[in-house]
Amino acid sequence: MKTHPFNWIATIIIVAIVAIWLTYNYGMIHSKHLEEATLTEKTHNEDGYYIHLNDKKLHVKDTSTWMLLEAGEHYNVTYEWYGMKKPYVTEINQAHDKDQIGGGH
């Protein structure tokens, strides 16, 4: 039985779309920066330490940095995520302040 060329073309297109989607969602690190975001809440549990900024829940890997942050204050925050990982803070600084509180990878 002979295969129609359209079947091969459709298969190649579908495989290419799936590969692009997987690369974008699981192979790339996404980064976002928030200017003057208000810290509304600090929480912690057995999974780690978290802050809530502008309706976003971000993981803070460094406990010391989490302890320095205060609810109601404004911060400039850069955070990253990839795949199904929780977004985590990579850099945080008080708004209108040149000294950095914490960050780095």
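Every heavy atom of this structure was used, including side-chain atoms; hydrogens, water molecules and symmetry mates were not.
Between Trp66 and His44, the ring planes lie perpendicular to each other; the angle is over 60°, past the 30° to 60° tilted range.
The structure places NE2 of His30 at 14.0 Å from NZ of Lys85, a figure rounded to the nearest 0.5 Å. Note: Tyr88 OH to Tyr82 OH = 6.0 Å, rounded to the nearest 0.5 Å. Atom NZ of Lys42 is separated from atom CE of Met67 by 7.5 Å, given to the nearest 0.5 angstrom. Here the straight-line distance linking atom NZ of Lys57 with atom OG1 of Thr43 works out to 5.0 Å at 0.5 Å rounding. Atom OG1 of Thr78 sits about 8.0 Å away from atom CD of Glu35, to the nearest 0.5 Å.
When every heavy atom of Asn76 is checked against every heavy atom of Glu36, the shortest pair comes out as OD1-N, 2.8 Å. Contact detail for Thr38 and Asn54: the closest heavy-atom pair is N-OD1, 3.3 Å. The heavy-atom pair separating Tyr79 from Pro87 by the smallest distance is CD1-CB, 3.8 Å.
Residues Ile92 and Thr65 meet the side-chain proximity criterion, which asks for heavy atoms closer than 4.5 Å.
The only member of Asn93, Leu69, Val89 that meets side-chain contact (heavy atoms from CB on, under 4.5 Å) when paired with Tyr75 is Leu69.
A donor-acceptor pair under 3.5 Å links the side-chain atoms of His33 to the main chain of Val77, judged by distance alone.
In this structure, Asp55 places its CG atom where only 12 or fewer heavy-atom neighbours from other residues, nucleotides or ligands lie under 6.0 Å away.
Looking at Tyr50 and Lys86, their side chains do bring a donor and an acceptor atom within 3.5 Å of each other.
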side-chain contact (heavy atoms from CB on, under 4.5 Å) for Glu80 and Ile29? Distances and angles first, verdict last. CA-CA 7 Å; Glu80 294 179 347; Ile29 296 176; 3.7 Å; yes
